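Written below as structure tokens is the structure these notes are about.
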Amino acid sequence: MNENAQDEGSSPRTAPGASALFGGTVTIFFSDIRGFTEHTEEFGDDEASRIVREQDTIVRSRIEAFGGEVVKTQGDGFMVAFPTARGAIMCAIVIQRAAAAANQNQAGPGIAIGIGINTGEPIRQEDGDYIGGTVNLAARICAAAGPGQILVAESTRYVAGRIELRRSDGGAVEYVDRGFHELKGFPEAKRLFEVTWHPAAFGEPTVGAEAPSAGDEEIATFKAAVQRANGVLTRVLGVVHLDDPAFPALLECQAKASELRLAFSRAGAERRGATAKDVLDQILPFENLLTLTLERDTLTEERWAPLDAAVARVFGRPLVNAAARGRLSIGTAEKPAPAAEAAKERAKEPEHAAGARGYVAGALAPPPLDERAAGVAWWAAAYAAWSQWKPSGLAWAHALREEVRRYPYLLSVHLRASADHDDGRLAGGYFLLLEHVENQSPGFMRTILARAIDEAGVEPRALGPKLYQLLVDGGRLRETYAAFVRDVIQVAVPTPGMWADAGVVERDDETALISRPTATIGDAQEETVQFVDLQDRAADRRFLVTVQPLTTRFFSVTSGKLNTARDVELKLTADDQPSDRAWYLTVWDSLSVRSDPKLLPMAGVPLPGLGRHHFGVWVAVFNPDPAEVVTYELTVSVKQPGQSSPAASRFGWLGGPAR
């Protein structure tokens with residue numbers, strides 16, 4: 001169906017006499033007053049009633065102007081049906097602008113409205129109400145919206161398309177991808193977009209820039225600071241990594257920006273003790289990051305150095321490296337023209353930009369490998385690789401993918417045994433773990449060898465175990481190894497992918513079990529067994545896996561050609577007791593889109609919809625103990641909905657024959 005057909009879908013009205021019919025494409029709009037219960041408790045029923053009346057006045061007139069039909073009101077909220085997605089979005093913008101303007105002239109508590117919008121084909125009942133998944137999703141999206149925020153479903157964003165507004169309607173409209181959200185009642189996370197608009201793009205004053213009603217300069221300054229902060233954070237949320245869309249450091253930075261933006265939106269309505277200085281202090285690191293990103297070619301060494309240190313202190317060195325290499329870009333904002341003074345200085349001193357990069361590289365470089373540790377093969381290889389990568393500016397995620405592409409079984413080999421593989425080259429890949437330790441305990445990697453030599457001497461047989469012990473204790477590997485595994489699979493799964501001990505491929509006519517013919521880690525050979533009998537296919541697959549200290553083993557479930565979706569269930573035990581020492585993630589509608597990793601619950605987890613809602617599952621079973629070997633049993637079942645498991649097949653070693 002083309003965009004215009006979707007957007008201009010048939011009227012929401014149904015034929016007379018139809019009790020429940022599909023009425024064509026409709027956009028469902030929910031609005032709700034944020035903090036209404038708290039307002040009622042704090043200010044009483046009269047004040048709450050005033051807020052409801054004010055919302056009613058603001059919302060109803062705008063709905064009619066954009067062709068909406070009020071389906072019902074729900075206390076402090078509205079449910080509205082629009083014939084077009086564009087109309088719903090424009091109505092939402094005008095409502096938020098009107099609410100913001102009303103708050104400027106309100107001495108008491110202001111009105112804060114959250115709006116959620118979804119487009120689909122809901123069922124319209126005889127009484128005019130709508131039901132179905134489209135309505136349910138719109139309601140959940142509204143619940144996720146913050147004060148003054150407009151969130152829309154992916155369907156609405158693409159049906160509405162680009163919106164050109166008149167100046168009087170609000171200026172430039174943008175969709176900001178807010179990522180995937182877990183919404184109650186929906187098994188898979190939903191991608192949501194925030195609708196933003198920028199009157200100042202047309203040279204008009206924004207609502208927040210108007211003078212406060214009572215001449216209260218402090219309130220005006222605070223609101224201006226919040227407006228500036230939201231603008232900065234919106235730009236940060238638009239930053240992309242040119243090589244790695246899932247660059248962990250950037251995702252973490254943007255998560256912080258999103259949380260702050262929501263907090264500032266609430267602060268703008270409530271202002272509980274916050275000051276303009278508080279707001280500006282909190283956004284300073286984000287402004288510094290934007291400066292490094294947009295002005296990297298014009299900054300002098302003197303300006304670069306403090307910005308570099310400030311951003312690294314808050315967001316970590318990998319993000320600064322990416323900015324220094326020009327791998328960060330702001331897709332929704334053009335780079336501002338440099339000031340005349342900066343242009344003159346650049347013309348006089350063109351070598352400063354390169355000098356700044358050299359400064360950064362020199363500051364990042366760790367001490368070279370101490371020859372006294374050369375006899376500890378695993379340490380020497382890992383540290384040498386880390387000391388070479390650290391000042392290179394190469395993104396951690398990019399380096400990780402390259403290592404996993406070469407050695408997909410890296411995490412399945414114990415650190416101290418890694419030098420025994422691939423002529424010692426595998427051990428170099430563990431520079432990723434050393435960087436994880438450094439991030440957890442900044443400066444630790446620069447002192448660990450001296451401490452180890454002081455305590456154990458330089459004899460390799462004593463020095464090696466001491467280095468390992470210090471990594472575990474001082475580097476907090478026992479507590480953080482699980483997080484390291486999560487960070488790795490978040491970048492490397494599904495592409496390039498990890499070496500898996502076993503996998504299940506489900507098709508309409510058969511279930512295929514892919515396993516390794518030997519117990520050798522890294523074995524590239526595969527054996528495939530097909531099951532066609534329905535009883536055999538529904539059997540639980542139980543895999544016994546012995547996991548060495550601080551290592552991880554991987555399993556996968558994927559769908560081939562499936563006309564009927566399957567239900568996947570996972571459960572992990574150790575010594576016949578439930579265990580949560582595994583991460584799992586689902587792969588969605590392509591080989592590059594996946595959910596965030598989640599810890600496997602003790603009771604196991606059902607994952608319905610294989611072949612429909614998702615197309616694969618990866619499981620990473622990890623052992624965070626630095627000394628003990630642990631044997632786990634992973635149970636995997638793939639069944640048609642409602643089908644029971646009549647039997648179980650156990651594998652004595654990973655991928656080995658059933659017995």
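Since this is a predicted model, take the numbers as computed values, not measurements. As a basis for the values below, the full set of heavy atoms in this structure was taken, side chains included, without hydrogen atoms, waters or symmetry mates.
- For the atom pair CD1 (I489) and CG (L411), the distance works out to 9.5 Å, reported to the nearest 0.5 Å.
- The two residues L470 and R451 have their closest heavy-atom pair at CD2-NH2, 3.7 Å.
- Stacking of R553 on the aromatic ring of F543 is not recorded, the 6.0 Å distance cut-off and the 45° axial limit not both being met.
- Side-chain contact between H614 and L610: present, with at least one pair of heavy atoms (C-beta onward) separated by less than 4.5 Å.
- For the pair H613/P608, no side-chain contact is recorded, criterion being any heavy-atom separation below 4.5 Å from C-beta on.
- Every salt bridge (Lys or Arg N to Asp or Glu O under 4.0 Å) that E526 has, sequence neighbours left out, goes to R516.
- R235 places no side-chain N or O within donor-acceptor distance of the main-chain N or O of F286, the cut-off being under 3.5 Å.
- No close placement of the Y409 and F554 rings is indicated, their centers lying 6.0 Å or farther apart.
- With rounding to the nearest 0.5 angstrom, the CZ atom of F622 is 9.5 Å from the CG atom of L600.
- Between H414 and Y468, the ring centre distance stays below 6.0 Å.
- Looking at heavy atoms from C-beta onward, F431 lies out of side-chain contact with S387 at the 4.5 angstrom threshold.
- Each of V320, L242, L319, L292 was checked for a side chain to side chain contact (heavy atoms under 4.5 Å, CB included) with L328, and the lone residue meeting it is L319.
- One finds the CZ atom of R566 at 12.5 Å from the OG atom of S637 (value rounded to the nearest 0.5 Å).
- Under the 3.5 Å distance criterion, the side-chain polar atoms of Y383 are left unmatched by any main-chain donor or acceptor of M445.
- Q254 contributes a side-chain N or O that, together with a main-chain N or O of V236, makes up a donor-acceptor pair within less than 3.5 Å.
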Can you list the steps and then say if H436 with L477 is a side-chain contact (heavy atoms from CB on, under 4.5 Å)? CA-CA 9 Å; H436 167 78; L477 277 183; 4.0 Å; yes
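- In terms of modelled atom types and a separation under 3.5 Å, the side chain of W499 and the main chain of D523 share a donor-acceptor contact.
- Side-chain atoms of D422 do not come within 3.5 Å of backbone N or O of G424 as any donor-acceptor pair.
- Looking at E506, its side chain never comes within 3.5 Å of a backbone N or O of L562 through a donor-acceptor pair.
- Taking both residues in full, the closest heavy atoms of S418 and L426 are given as O-CB, 3.7 Å, listed atom of the first, atom of the second, then distance.
- Contact annotation: the side chain of F555 approaches that of D501 to within less than 4.5 Å [non-hydrogen atoms, C-beta and beyond].
- Of all heavy-atom pairs between A373 and L463, the closest is CA-CD2, 4.1 Å.
- L289 CG to E287 CD: the interatomic distance, rounded to the nearest 0.5 Å, is 11.0 Å.
- With hydrogens and angles disregarded, no donor-acceptor distance shorter than 3.5 Å links the side chain of W386 to the backbone of L433.
- Remark: R317 engages D308 in a salt bridge, criterion side-chain N to carboxylate O under 4.0 Å.
- Residues forming a side chain to side chain donor-acceptor pair (under 3.5 Å) with R313 (at least two apart in sequence, or on another chain): none.
- Under the 3.5 Å distance criterion, the side-chain polar atoms of D575 are left unmatched by any main-chain donor or acceptor of Q577.
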Start with the C-alpha distance between D423 and R425, add both sets of side-chain angles, then the distance that settles salt bridge (charged side-chain N to carboxylate O under 4.0 Å, His left out), and finish with yes or no. CA-CA 6 Å; D423 297 324; R425 293 188 299 273; 3.6 Å; yes
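- A pairwise comparison of heavy atoms in V485 and A620 identifies CG1-CB, 4.3 Å as the closest pair.
- Under a cut-off of 6.0 angstrom, the local environment of CD in Q525 is sparse, with at most 12 non-hydrogen atoms contributed by other residues, nucleotides or ligands.
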Show, in sequence, the C-alpha distance, side-chain angles and deciding distance for R327 and F247, and conclude whether the side-chain contact (heavy atoms from CB on, under 4.5 Å) test is met. CA-CA 11 Å; R327 306 323 297 155; F247 188 50; over 6 Å; no
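- Put simply, OG on S579 and NZ on K571 are 11.5 Å apart, with the number rounded to the nearest 0.5 Å.
- Residue-environment remark: CZ (R612) stays at or below the threshold of 12 foreign heavy atoms within 6.0 Å.
- Under the 4.5 Å side-chain criterion, counting only non-hydrogen atoms from C-beta, T511 is not in contact with V638.
- A distance of 9.0 Å separates CD of E154 from CG of L192, quoted to the nearest 0.5 Å.
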Given L471 and L434, is the side-chain contact (heavy atoms from CB on, under 4.5 Å) satisfied, shown in steps? CA-CA 8 Å; L471 281 174; L434 301 190; 4.2 Å; yes
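- T551 and S412 share no donor-acceptor pair across their side chains, judged by distance under 3.5 Å alone.
- A heavy-atom distance below 4.5 Å is found between the side chains of R541 and F531.
- Between P494 and V587, the shortest heavy-atom distance links the atoms CB-CG2, 4.1 Å.
- Closest of all the heavy-atom pairs between G429 and E403 is CA-OE1, 3.4 Å.
- The shortest distance between side-chain heavy atoms of I448 and F444 falls below 4.5 Å.
- A side-chain donor-acceptor contact under 3.5 Å links E438 to the backbone of G443.
- Here the side chains of R478 and D473 are in contact, with some heavy-atom distance below 4.5 Å.
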Verdict with reasoning, V617 to V636, per side-chain contact (heavy atoms from CB on, under 4.5 Å): CA-CA 11 Å; V617 181; V636 179; over 6 Å; no
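- Remark: side-chain polar atoms of D580 are not paired, donor with acceptor, to backbone N or O of L599 under 3.5 angstrom.
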